[in-house]
Amino acid sequence: MKLTIFAATGGIGRLLLEQAVAAGHDVTAVARNPQKLPVTPARVVTADLSGADAGALESAVGGADAVLSALGPRTKTDTGVAARGTRVITEAMRATGVRRIVVVSAAPIGTVPSPRRPHPPRHDPGDGFVIRYLADPVLKRILRAHYADLAQMEDVLRDSDLDWTSVRPPRLTSKPLTGTYRTAYGRNIRGGTVISRADVAHYMLRAADQPETFRQTVAVAR
Ligand SMILES: NC(=O)c1ccc[n+]([C@@H]2O[C@H](COP(=O)([O-])OP(=O)(O)OC[C@H]3O[C@@H](n4cnc5c(N)ncnc54)[C@H](OP(=O)(O)O)[C@@H]3O)[C@@H](O)[C@H]2O)c1
């Protein structure tokens with residue numbers, strides 16, 4: 001497949017790039033710091049997504065079969081970049097007729113309010129007692145701005161007419177690829193509290209050409 005990978009220098013992004021190149025895909029990597037790319041793909045485009053406009057990204061996404069984004073804030077200064085960057089990416093996709101995008105969100109986002117979903121369900125049906133009443137409230141306090149950004153990123157996708165998938169992992173680890181994990185559409189996974197970045201990347205590549213994942217949020221967890 002012809003793939004465009006955004007944030008190909010991040011924890012998930014670099015594994016996505018490595019796995020995609022190893023699988024023989026024709027990859028364009030987009031990064032604000034391309035010197036950090038772990039392998040050299042067919043094409044490299046430099047873009048800071050906090051300030052980029054869609055026009056600047058059209059050459060990066062044009063002709064792609066799928067766009068994969070592992071974009072997320074590296075520091076507090078980056079907060080808001082997931083929604084802002086995804087908006088520009090989707091505008092560039094629309095301008096170039098590219099329809100498929102897979103992004104990384106997070107497990108708690110189904111219960112985080114956003115302008116388009118001001119009253120989400122109070123609890124995710126996949127979450128057990130510990131996540132619902134202990135872990136989630138603490139995380140939502142500490143990561144309020146980050147989660148708001150991810151919820152708004154999902155709004156951007158819902159408002160688009162694209163074939164999007166928002167992958168919602170729980171806590172990420174740097175453990176090796178296993179290729180063994182569970183998935184669930186529109187809800188979290190009972191007892192699924194962890195997954196490796198390598199397995200998230202593996203799932204994103206797998207989902208890229210799966211029509212059943214279009215316009216879905218998908219939980220992935222061990
Ligand atoms: N940590 C967890 O346990 C957890 C759990 C669930 C979901 N998540 C979500 O998963 C996402 C990805 O995780 P990760 O570990 O791969 O994150 P990461 O290592 O922090 O990677 C973030 C990527 O986004 C890029 N980026 C940030 N701001 C940018 C900008 N303005 N322009 C262009 N690129 C920009 C970074 O580029 P640079 O390399 O140039 O900085 C990096 O490639 C997180 O951001 C979070 O939303 C995390």
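Numbering of ligands and ligand atoms starts at 1, following listing order.
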Evaluate the criterion side chain to side chain donor-acceptor pair (under 3.5 Å) for residue pair S174 and R197; output intermediate values, then yes/no. CA-CA 6 Å; S174 297; R197 290 178 173 83; 3.3 Å; yes
Looking at ligand 1, would H146 count as a contact under a 4.0 Å heavy-atom criterion? yes
Considering all heavy atoms, the nearest M204-V104 contact: SD-CG2, 3.5 Å
Under a 3.5 Å threshold, yes or no: a donor from one side chain and an acceptor from the other, between T183 and R168? no
N or O contact, A106 vs ligand 1, cut-off under 3.5 Å: no
Of all the atoms in ligand 1, which lie at a distance below 4.0 Å from a heavy atom belonging to S50? 31 (N)
Return yes if some donor-acceptor pair links the side-chain N/O of D149 with the main-chain N/O of T79 below 3.5 Å, else return no. no
Give a yes/no on ligand 1: does A47 have at least one heavy atom closer than 4.0 angstrom to it? yes
Closer than 4.0 Å to some heavy atom of K36 - which atoms of ligand 1 meet that? 38 (P), 39 (O), 40 (O), 41 (O)
Side chain, backbone, both or neither: R197 near ligand 1, heavy atoms under 4.0 Å: side chain
Minimum-distance protein heavy atom relative to atom 32 (N) of ligand 1: L49 N, 2.8 Å
For atom CZ of R87, is the number of surrounding heavy atoms from other residues, nucleotides or ligands below 6.0 Å larger than 12? no
Note: heavy atom closest to atom 27 (C) of ligand 1, options P73, A107, G72, belongs to G72
Side-chain donor-acceptor pair under 3.5 Å between E154 and S114, yes or no? no
Go through H123 and Y133 one step at a time and tell me if the ring pair (Phe, Tyr, Trp, His ring centres under 6.0 Å) criterion holds. CA-CA 9 Å; H123 299 296; Y133 298 108; 5.2 Å; yes
Looking only at protein heavy atoms, identify the closest one to atom 31 (N) of ligand 1 and say how far it is in Å. D48 OD1, 2.8 Å
For a 4.5 angstrom cut-off between non-hydrogen side-chain atoms, does V30 reach T4? yes
Which one holds for V104 and ligand 1: side chain close, backbone close, both close, or neither close, with close meaning a heavy atom under 4.0 Å? side chain
With a 3.5 Å cut-off and no angle check, do the side chains of K140 and T111 form a donor-acceptor pair? yes
Top protein contact for atom 48 (C) of ligand 1, by heavy-atom distance: L172 CD1, 3.3 Å
Listed once per pair and sorted, the salt bridge (Lys or Arg N to Asp or Glu O under 4.0 Å) pairs that draw on residues 122-132, sequence neighbours left out: none
So which bit of I12 gets within less than 4.0 Å of ligand 1, heavy atoms only: side chain, backbone, both or neither? both
Could you say whether the N/O atoms of P169 and ligand 1 ever approach to under 3.5 Å? no
Number the atoms of ligand 1 from 1 as they appear, then name those within less than 4.0 Å of a heavy atom of L150, with their elements. 47 (O)
Given P170, A70, S105, A7, identify the one with the heavy atom nearest to atom 9 (C) of ligand 1. S105
Nearest protein heavy atom to atom 17 (O) of ligand 1, by residue and atom, and its distance? G11 N, 4.3 Å
Which heavy atom of the protein is the closest neighbour of atom 42 (C) of ligand 1, given with residue, atom name and distance? G10 CA, 3.6 Å
Going by atom type alone, with no hydrogens or angles, which donor-acceptor pairs under 3.5 Å involve a side-chain atom of residues 215-222 and a protein atom two or more places apart or on another chain?
from, atom 1, to, atom 2, distance (Å)
R215, NH1, S160, O, 3.1
R215, NH1, L162, O, 2.9
R215, NH2, R158, O, 3.1
R215, NH2, S160, O, 3.3
R222, NH1, T178, OG1, 3.4
R222, NH1, T180, O, 3.1

Can you tell me the protein heavy atom closest to atom 40 (O) of ligand 1 and the distance? N33 ND2, 2.8 Å
Of R171, R74, R14, the one whose closest heavy atom lies nearest atom 18 (P) of ligand 1 is R74
Between D78 and ligand 1, which residue portion shows a heavy-atom distance shorter than 4.0 Å: side chain, backbone, both, or neither? side chain
Given 3.5 Å as the limit, does a donor-acceptor pair link the side chain of R190 with the main chain of G126, or not? yes
Here the pair of heavy atoms bringing P73 nearest to D78 is CA-CB, 3.5 Å
If you compare L71, T9, L37 by their heavy atoms, the one closest to atom 35 (C) of ligand 1 turns out to be L71
